[in-house]
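To start, the structure itself, in structure tokens.
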Amino acid sequence: MIPPDIRLYTWVDAEEVLLRISQQGSLPKWLIWVRAYWDSLTIGIRPGNQAEAKDWLGEVYDPRFRIDSENNMVNGLILLESLPEVEQILPVILEETEEESPVPRLVPSLARPGVLVPHHQSAEFPPSFTSDFPSIVAFHSFKGGVGRTTNALAFAQALIDREYRVLLVDGDMEAPGISWLLERRLPSPPVSFADLLALAHGDQSPSANNTVQLVADRLQSALIDDIYVLPSFRSTDRFSSLEIKPEHLIQGSENPFILTQILADLGKNLGVDVVLVDLRAGLSELSTGLLLDPRVYRIFVTTLSGQSISGTTRLLELLGERAPSTRNTDPLPAIIISQVRDEFQNTEFLLDQEEKLLEAAKSFLGEDLQLVRVITGFADSLQVLPSMWEEVIARLRRSGIVDAVSPLLDLLPTKRSQIIQESLPIIEENLPTLKSQREALRDITRKLVFAETAEAEDFLATIPLRHLASDHRRQVPITVVVGAKGSGKTYTFLQIIRRENWQTFAEDACATQVQVNAFICPILASQNLRPSGVKLVGEVQKKTAKALGFDHPRDIQSIRDHIGDFCQQNLLEGQWRERWLDVIAWGVGLQPQKEGAGRGLTEYLLQKQQRLLIVIDGLEDLFQNFASNETQQIALRALLQGVPEWLGQQPGRPLERRSSRRY
């Protein structure tokens with residue numbers, strides 16, 4: 001008989017009746033498979049069982065099954081819900097076959113199987129990760145708006161506080177919260193989770209090794225506050241156009257848990273201890289690849305609302321049926337009850353909700369283990385998060401949520417490097433006195449009052465300079481620095497060229513693991529530099545030209561003259577871009593005054609396997625009327641937009657550029 005909660009509107013409902021019988025293990029032995037679609041319900045049976053099959057169907061779909069004696073191709077009919085004047089039916093076809101029941105391929109999915117078979121095969125999960133792989137932690141919530149992303153960020157900070165190295169992945173491809181927070185801090189991410197999926201989908205190497213190595217290399221430029229961050233998309237404008245989804249990757253791979261493996265390999269390549277993934281909320285196929293892998297540390301976030309608790313308990317029951325933590329090496333799930341106001345702390349209501357979650361998790365835990373859960377309080381400051389990454393992290397720490405989620409770290413394996421560090425003896429050093437530190441600061445700042453006359457070799461690594469350096473540890477920057485007079489552009493210009501090599505500057509600006517060996521060459525400089533500054537610019541320019549194999553670079557005054565001549569020629573923006581590329585090549589010493597030298601410079605650098613950072617300052621001296629002069633506007637737009645876009649598309653990016661503009 002049809003279950004009372006099912007109404008037979010379509011073939012989907014008719015299939016649901018058989019699916020429930022299959023889940024109970026009650027399909028008859030003569031039934032081999034079932035395939036349902038909008039036009040029919042086709043059942044494979046063993047020869048000679050037609051009559052028995054019709055009787056069984058009559059019982060299963062009572063009172064809506066009819067024998068069809070008029071159509072030789074159809075054995076029966078299921079009467080669907082319909083209006084009296086428009087009868088809806090689903091034909092039933094019995095197909096006799098000698099084949100055996102197919103063994104369904106294990107695919108991590110919460111969807112119903114495409115073919116029903118009488119005997120479910122036990123899922124064979126892959127072996128546990130060895131100790132040299134990072135832990136994979138997935139944050140999930142049945143309902144959106146419960147603070148999943150906020151708690152995931154707090155968990156990442158708790159990991160950093162204990163000196164874990166972290167890769168943070170925004171796996172929410174439909175509402176990428178972490179990616180939005182990065183828009184200002186990392187406006188042009190070098191690679192994204194969508195890129196990883198698309199690359200892996202077409203990767204012919206075993207376990208997508210080529211993809212892992214490429215993405216790991218690009219992520220070296222996405223290290224933010226000691227966290228590697230992999231956003232959903234490189235641009236938040238693209239989050240509505242995901243061509244390759246996680247389920248596509250899973251369906252096209254022999255390994256049903258290929259996504260977990262790729263993330264583990266990526267984390268291992270980066271040398272992190274934890275790969276932390278913020279998943280899409282709900283029963284979404286975007287998340288099932290990780291949710292249904294028992295090797296993943298699954299952390300579920302819920303509030304005390306009835307909908308959120310009910311959905312989370314149902315989700316725990318589903319995962320207990322399909323992907324329980326049965327092996328000793330499988331991590332146990334954990335629960336975060338989020339946004340709990342003070343009046344609900346330590347109440348019977350809270351205990352009742354916890355009991356519901358514990359009951360639902362029994363299939364994971366067995367009788368002897370306890371559900372790990374933490375409670376994070378309600379904080380007004382976290383209800384509307386700012387768009388700045390740094391401000392969000394500051395609010396998280398002030399709210400206490402970082403400390404609240406830190407007990408969840410006990411689920412993870414003990415960090416080996418932390419044990420070693422804690423076992424080392426503490427060595428006391430002779431620290432400078434407060435007075436000596438103040439005197440040293442006074443001496444340095446006196447030399448840095450005006451950047452144009454500054455002669456100090458040391459410099460203060462401000463937060464923007466640290467970001468510039470840490471974001472370009474594997475690639476030389478293509479960056480436009482904009483600021484008012486006195487904001488530090490010329491100061492930065494001088495500090496960069498003093499070091500003659502990008503790696504040296506990045507390390508002095510507090511970046512770590514810098515792997516870029518690029519010569520630095522100034523092309524334009526401020527006209528207000530003191531003679532010592534002018535001398536420094538000329539010496540670095542000639543030294544870089546010689547290192548690249550050139551003898552006669554055009555000096556900066558000659559380049560200023562060339563730009564002045566170009567301003568008299570009424571050039572279009574594309575022509576200006578070519579002129580800028582040419583003067584860059586002339587300033588390095590390649591084919592002085594020859595048109596097309598700029599394009600030849602990139603080819604030359606690729607051939608010689610050299611990398612070059614061009615540094616430009618003093619644009620306000622050349623374009624003093626850019627606010628009203630259209631020619632100067634076109635020239636600046638070509639330099640600040642056209643040239644960076646062109647350079648950014650060069651294979652290998654051998655030629656990079658940094659320029660400053662003053663408003």
Side chain to side chain donor-acceptor pair (under 3.5 Å), paired with Asp471, selected from Arg466, Arg185, Gln220: Arg185
Which pair of heavy atoms, one from [X] and one from [Y], lies closest together, and at what distance?
X: Leu197; Y: Met173; result: CD1-CE, 4.3 Å
X: Val480; Y: Leu640; result: CG2-O, 3.6 Å
X: Arg577; Y: Ala638; result: N-CB, 3.8 Å
X: Leu223; Y: Ser470; result: O-OG, 3.9 Å
X: Ala154; Y: Leu396; result: N-CD1, 4.0 Å
X: Gln650; Y: Thr602; result: OE1-OG1, 4.0 Å

Would you say that more than 12 heavy atoms from the other residues, nucleotides or ligands in this model lie under 6.0 Å from the [atom1] of [X], or not?
X: Glu595; atom1: CD; value: no
X: Asp565; atom1: CG; value: yes
X: Gln609; atom1: CD; value: no
X: Arg184; atom1: CZ; value: no
X: Gln649; atom1: CD; value: no

Quick one: [atom1] on [X] to [atom2] on [Y], what's the gap to the nearest 0.5 Å?
X: Ile584; Y: Leu590; atom1: CD1; atom2: CG; result: 12.0 Å
X: Arg498; Y: Glu539; atom1: CZ; atom2: CD; result: 11.0 Å
X: Phe493; Y: Leu524; atom1: CZ; atom2: CG; result: 8.5 Å
X: Leu199; Y: Asn210; atom1: CG; atom2: CG; result: 10.0 Å
X: Leu214; Y: Asn209; atom1: CG; atom2: CG; result: 12.5 Å
X: Asn570; Y: Gln575; atom1: CG; atom2: CD; result: 8.5 Å

Please check: side-chain N/O of [X] versus main-chain N/O of [Y], any donor-acceptor pairing under 3.5 Å?
X: Arg554; Y: Val583; value: no
X: Asn625; Y: Ser628; value: no
X: Gln541; Y: Cys521; value: no
X: Asn501; Y: Gln503; value: yes
X: Trp580; Y: Ala635; value: yes
X: Asp582; Y: Gly596; value: yes
X: Gln475; Y: His472; value: no
X: Arg560; Y: Ala525; value: yes
X: Arg499; Y: Gln495; value: yes
X: Ser179; Y: Ser232; value: yes

Would you say [X] and [Y] make side-chain contact, with heavy atoms under 4.5 Å?
X: Val277; Y: Leu263; result: yes
X: Val272; Y: Val274; result: no
X: Leu266; Y: Val169; result: no
X: Leu601; Y: Leu581; result: no
X: Leu167; Y: Leu219; result: yes
X: Asp132; Y: Lys268; result: yes
X: Leu153; Y: Trp389; result: yes
X: Val212; Y: Ile262; result: yes

Is the shortest distance from a Lys or Arg side-chain nitrogen in [X] or [Y] to a carboxylate oxygen in the other one below 4.0 Å?
X: Arg234; Y: Asp195; answer: yes
X: Arg599; Y: Glu603; answer: no
X: Arg397; Y: Asp161; answer: yes

Measure the acute angle between the ring planes of [X] and [Y], then classify it against the limits of 30° and 60° as parallel, tilted or perpendicular.
X: Phe566; Y: Trp586; result: tilted
X: Phe623; Y: Trp576; result: perpendicular
X: Tyr604; Y: Phe550; result: tilted

CA sep, side-chain torsions, deciding dist, call: Val615, Ile520, side chain to side chain contact (heavy atoms under 4.5 Å, CB included): CA-CA 7 Å; Val615 190; Ile520 292 173; 3.7 Å; yes
Candidate pair Arg474 and Asp217, rule salt bridge (charged side-chain N to carboxylate O under 4.0 Å, His left out), full reasoning: CA-CA 7 Å; Arg474 288 289 184 94; Asp217 178 79; 2.7 Å; yes
Intermediate values then yes/no, side chain to side chain contact (heavy atoms under 4.5 Å, CB included), Leu159 and Leu412: CA-CA 10 Å; Leu159 288 168; Leu412 303 176; 3.6 Å; yes
Stepwise side chain to side chain contact (heavy atoms under 4.5 Å, CB included) check, Gln157 with Ile227: CA-CA 9 Å; Gln157 294 304 307; Ile227 299 176; 3.6 Å; yes
Distance-only side-chain donor-acceptor flag, Gln557 / Asp561, under 3.5 Å: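 There is such a pair (donor and acceptor under 3.5 Å, judged by atom type) between the side chains of Gln557 and Asp561.
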Salt bridge (charged side-chain N to carboxylate O under 4.0 Å, His left out) evaluation trace for Glu391 with Arg398: CA-CA 11 Å; Glu391 179 59 26; Arg398 289 195 299 267; 3.3 Å; yes
CA sep, side-chain torsions, deciding dist, call: Leu276, Phe139, side chain to side chain contact (heavy atoms under 4.5 Å, CB included): CA-CA 8 Å; Leu276 176 58; Phe139 269 67; 3.5 Å; yes
